[in-house]
K.L.:
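Submitted below is the structure of interest, expressed as structure tokens.
The chains referred to below are lettered A, B, ... by the order of the sequence lines, with proteins before strands, and numbering in each begins at 1.
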There are 2 protein chains.
Amino acid sequence: MEGIREKKKRETRKAIMQAAVQLFSEKGFEKTSIEELAKMAGIGKGTVYSYFQTKSDILHAFCEDELDSLHHELTTNANQDIPLLEQMVSLYMSEFHHITENREFARIFMQQTAFPRDVDLKHLQHEDSYLKLLFPLLERAQAKGELRKDLDLLYITGHFYGLYLLLLSGWFRGRVQKEEAEVALEALFRQALEGLHPQSLIS
Amino acid sequence: MEGIREKKKRETRKAIMQAAVQLFSEKGFEKTSIEELAKMAGIGKGTVYSYFQTKSDILHAFCEDELDSLHHELTTNANQDIPLLEQMVSLYMSEFHHITENREFARIFMQQTAFPRDVDLKHLQHEDSYLKLLFPLLERAQAKGELRKDLDLLYITGHFYGLYLLLLSGWFRGRVQKEEAEVALEALFRQALEGLHPQSLIS
DNA sequence: AATTAAAGTTGACCGCGGTCAACTTTCTCC
DNA sequence: GGAGAAAGTTGACCGCGGTCAACTTTAATT
């Protein structure tokens, strides 16, 4: 049976997350102080740090929850009968729209995900869930003859992810507007599939 | 003629940069305080902020100087007679080695370059110098028949850059070791050139 | 129920990044 | 050269993220 402690811990953690989402959305991540957040969650400042190690960890936890639910949604909704290009574009565009919903959240999350201070197991876990989602799609595409079979699946997923990273970065730097994103990503993915070499070079 | 002011400003700026490089290298970026840095540069704390807007701007200035000199070096040393694949790998690997020399520097730099807080003109300038470096290479490759001519050069550079971002991110997350980097990048670039589609699909 | 150990909470406190009003140095114009 | 303006410098100060020793609450034991 669940003791008082476990219950309280769950509730406190939830209260922190709720306060965080509200305040970060309202005032932005940087402008929200931990003390303020703790007050809204009805706890002392120090307590926050027994649930999360750093301020950005709070935001990170939220983002991972979101991404997890997004991944779950994608897995169940995936339509495997459309061409790979469309599948990938739609998949990454879902994530793109999700993540660009709130620039502040996305920035901190991507900064720490793509260029973390330390090598971290959490990142690898997240990556694995990613790969579990993509591999079946790619294997099926290979089976359907849409994808070369002599390539490492890891490199293929990496290839798409790299181009997605480029798109995200382009949006952050103001190079790509939200409305252009899908066209740009599709063009990049098409390039990846068809190759940059002229056909004549492929022996 | 140059007045006392201009001269002092140049010298002070230089002193700040020198102190920054030394301290950031010795103790790391986060562990170095502005007060300490100012002391070593022989000025007051406040003065630092009339030369740089934030702490990470100092590091940023250094990185941009480095990258500029690297780009210059690459431009003059570029050997245009080797295949495009080799050119691109060697070019990006130079940058990779340069940037991974100091993880701390690279992290802050890449976080702010790829996912900046605000859209910033400085980034666009830097990108332009990038493109100026790459476009001639690609045009020449197009002329030599190594590259499709129906593609936007911007998308091609983007494609390579995206894969480079992936490599860097992989290194930061501990997925790719320095020694494996070149092999990985070459594989990715080769994929990009040859395409992920099986040849039979290319009509 | 009483006692003690373990787990959880707290806010005063620290060091740092960044600001700004007061101050000093340099320039300009007569 | 002197007076006033303009530019540059400074460190006390502020607010915040993060720590920790003292304290409170829950669990385990007899």
K.L.:
Base contacts versus sugar-phosphate-only contacts with protein, heavy atoms under 4.0 Å: please encode nucleotides 17-26 of chain D as B, S and - from 5' to 3'.
P.N.:
BBB-----BB
K.L.:
For the residue pair B:His159 and A:Leu188, what are the closest heavy atoms and their distance?
P.N.:
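Where B:His159 meets A:Leu188 most closely, the heavy atoms are CE1-O, 3.8 Å.
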K.L.:
In whole Å, what is the span from the NZ atom of B:Lys27 to the C1' atom of C:dG15?
P.N.:
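After rounding, the reported distance stands at 12 Å.
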K.L.:
For A:Glu11, check side-chain contact (heavy atoms from CB on, under 4.5 Å) against everything at least two apart and list the hits.
P.N.:
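For A:Glu11, the residues satisfying side-chain contact (heavy atoms from CB on, under 4.5 Å) (neighbours in sequence not counted) are A:Lys7.
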K.L.:
Round to the nearest Å and state the distance from B:Lys39 atom NZ to D:dG11 atom C1'.
P.N.:
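Whole-Å distance recorded here is 13 Å.
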K.L.:
Do you know which two heavy atoms are closest between A:Ala181 and A:Met93, and how far apart they sit?
P.N.:
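For A:Ala181 versus A:Met93, the nearest heavy atoms are CB-CE, 3.9 Å.
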K.L.:
Checking B:Glu36 against B:Lys27 for the salt bridge (charged side-chain N to carboxylate O under 4.0 Å, His left out) test, could you report, in this order, the C-alpha distance in whole Å, the side-chain angles of both residues, the deciding distance, and whether it holds?
P.N.:
CA-CA 11 Å; B:Glu36 196 181 1; B:Lys27 330 178 38 180; 2.6 Å; yes
K.L.:
Rounded to the nearest Å, what distance is computed from the CZ atom of residue B:Arg13 to the P atom of nucleotide D:dT9?
P.N.:
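That distance rounds to 13 Å.
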K.L.:
Using a distance-only test with no angle check, is there a side-chain donor-acceptor pair under 3.5 angstrom linking B:Gln22 and B:Glu26?
P.N.:
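Looking only at side-chain atoms, B:Glu26 and B:Gln22 do form a donor-acceptor pair, the distance falling under 3.5 Å.
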K.L.:
Rounded to whole Å, please give me the gap between CD1 in B:Ile43 and P in D:dA7.
P.N.:
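These atoms are roughly 20 Å apart.
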K.L.:
For B:Tyr51, check side-chain contact (heavy atoms from CB on, under 4.5 Å) against everything at least two apart and list the hits.
P.N.:
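With sequence neighbours excluded, B:Tyr51 shows a side-chain contact (heavy atoms from CB on, under 4.5 Å) to B:Lys9, B:Thr12, B:Arg13, B:Ile16, B:Thr47, given in chain and number order.
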K.L.:
Just to be sure I understand the rule, does B:Tyr51 reach a base, reach only the sugar-phosphate, or reach nothing, if contact means heavy atoms closer than 4.0 Å?
P.N.:
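The residue B:Tyr51 makes sugar-phosphate contact but no base contact.
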K.L.:
A:Leu37 CG to D:dG15 P: how many Å, rounded?
P.N.:
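Computing the A:Leu37:CG to D:dG15:P distance gives 19 Å.
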